[in-house]
Amino acid sequence: MRVIVLGSAAGGGLPQWNCGCGNCQDARLSGTGRTQSSVAISAVVCTDGEIDHTLGLLLLREAATRFPLYAPAGVVALLDREWPVLRVLSAYAGVEPRVLPEGSRVALADGAGRELGVTCTAVPVARRPPRYARQATAGTYDVALRLSDQKGATLAYVPTAGAVDDAVRSVARGADLLLFDGTFWSDGELRAAGAGADAPTAREMGHLPVGGPGGSIELLPRLGARRTVLVHINNTNPILSRSSSERAQVEGAGIEVAEDGMEVEL
Ligand code: MLT
Ligand code: MN
Ligand code: ZN
């Protein structure tokens, strides 16, 4: 299986258009930006309905035929109602929503039903509905994915997770590659970066901080994945700076920081 990290940043990308922090200034000066998190696996599978993880669907409108979109039931409902991407796209190529069952393996197939040689198991992770749908009824709004090819090579893709819980453990166990939520280094990062006194904490947003007690660099090495790489990294996160002590702590734990365009052959 060939995995390509198309984007390694959180919502807003790097640099974020309205941000002048050190990370954003460095990215502007060096021309090494990052786009919003996504991975290429030869089928479109949505882990959640957040704007940063679904906006790209609109860019697929020039497809020659209706394209299949795998997503959890809660996300298909969001894309039909609160954030009606499916309806908008129906005027273009159109989308065929395929609901991902929770916890059971499906063989991904193309628009004509031909199997792609990749199976996918979606496991719900504990997170709130997106900001644009705060009142949405209870449902699964975020999943962790376990993707395997015919040779058994396995990718665990978990770009948003509020905890390392049983769901994450089941997806990551024995994976060749774990791509995990690296949004924030610390819980109060947005506030400290000047995003306002009412800015939510990392945990309130459903992102497990990377650093500190109980942070992901403490927990991820215990999951048994062969290689662990952080994705969905916010522009405020100090690990983006290669010379930071936080980056050294990540690397010291045997964990990598994804780059846009990174390719991994499993
Ligand atoms: C998230 O990852 O928590 C969301 O994408 C944040 C947002 O942009 O609202
Ligand atoms: Mn996001
Ligand atoms: Zn910034």
Side-chain angles (χ1 to χ4, degrees), residues 5-39 45-58 71-72 74-75 78-79 82-83 85 124-136 139-145 157-163 168 179-196 198-210 215-216 229-244 246-247 257-258 260:
V5 176
L6 299 175
S8 58
L14 180 84
Q16 185 173 297
W17 66 277
N18 59 350
C19 188
C21 77
N23 285 336
C24 289
Q25 288 182 28
D26 285 349
R28 280 188 196 99
L29 285 173
S30 62
T32 51
R34 291 163 180 261
T35 192
Q36 299 175 131
S37 65
S38 55
V39 165
V45 185
C46 280
T47 53
D48 58 74
E50 297 283 356
I51 305 258
D52 55 341
H53 287 168
T54 51
L55 201 53
L57 294 170
L58 298 174
V75 172
L78 290 175
L79 298 182
E82 286 87 348
W83 164 220
V85 170
V125 292
R127 279 193 96 228
R128 79 283 179 280
R131 232 161 110 171
Y132 64 76
R134 277 288 179 262
Q135 308 309 321
T140 296
Y141 297 108
D142 282 80
V143 291
L145 301 177
Y157 186 52
V158 194
T160 56
V168 171
L179 298 178
F180 191 82
D181 184 339
T183 312
F184 298 113
W185 174 260
S186 58
D187 208 29
E189 187 170 313
L190 279 183
R191 225 165 286 174
D198 57 353
T201 66
R203 289 177 195 273
E204 282 166 357
M205 290 178 73
H207 298 294
L208 177 66
V210 174
S216 58
V229 180
L230 298 177
V231 294
H232 192 274
I233 304 156
N234 202 53
N235 55 313
T236 52
N237 192 329
I239 66 173
L240 288 171
S241 167
R242 287 172 196 280
S243 57
S244 67
E246 292 87 353
R247 176 69 161 253
V257 175
D260 286 20

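Reckoned from all heavy atoms, side chains included, excluding hydrogens, waters and symmetry mates. Whatever order the structure lists ligands and atoms in, that order sets their numbers, starting from 1.
Distance check: Arg191 CZ to Asp198 CG gives 8.0 Å after rounding to the nearest 0.5 Å. Rounding to the nearest 0.5 Å places CG of Asp26 at 8.0 Å from OG1 of Thr32. Separation of atoms NE2 (His53) and SG (Cys46) is listed at 9.5 Å; rounding is to 0.5 Å. The CZ atom of Phe184 sits 4.5 Å away from the CG atom of Asn234 when rounded to the nearest 0.5 Å. Atom CG in Asp48 sits 12.0 Å away from atom OG1 in Thr140 (nearest 0.5 Å). Atom CD of Gln16 sits about 14.5 Å away from atom CZ of Arg34, to the nearest 0.5 Å.
When all heavy atoms of Ile233 and Asn237 are compared, the pair lying nearest together is CG2-CB, 3.8 Å. Among all heavy-atom pairs drawn from Val5 and Ala258, the shortest one is CG1-CB, 4.3 Å.
Using a 4.0 Å cut-off to heavy atoms of Arg127, the atoms of ligand 1 that qualify are 1 (C), 2 (O), 3 (O).
Using a 4.0 Å cutoff on heavy atoms, His232 counts as a contact of ligand 1. At least one heavy atom of Asp52 lies less than 4.0 angstrom from ligand 1. Distances from ligand 1 to the non-hydrogen atoms of Arg128 include at least one value under 4.0 Å.
For atom 8 (O) of ligand 1, no protein non-hydrogen atom is found at a distance below 4.0 Å.
Of the listed residues (Glu50, Met205, His207), the one carrying the non-hydrogen atom nearest atom 2 (O) of ligand 1 is His207.
Protein nitrogen, oxygen and sulfur atoms, that is N, O or S, within less than 2.8 Å of the Zn ion (ligand 3) amount to 3.
Checked by atom type, the side-chain pair Asp181/Thr160 shows no donor-acceptor distance below 3.5 Å.
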Derivation and outcome, side chain to side chain contact (heavy atoms under 4.5 Å, CB included), residues Val125 and Val168: CA-CA 7 Å; Val125 292; Val168 171; 4.3 Å; yes
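Protein contacts to the Mn ion (ligand 2) involving N, O or S atoms at a distance below 2.8 Å are Asp52 OD2, His232 NE2.
In summary, Glu50 and Arg128 engage in a salt bridge, as defined by a charged side-chain N under 4.0 Å from a carboxylate O.
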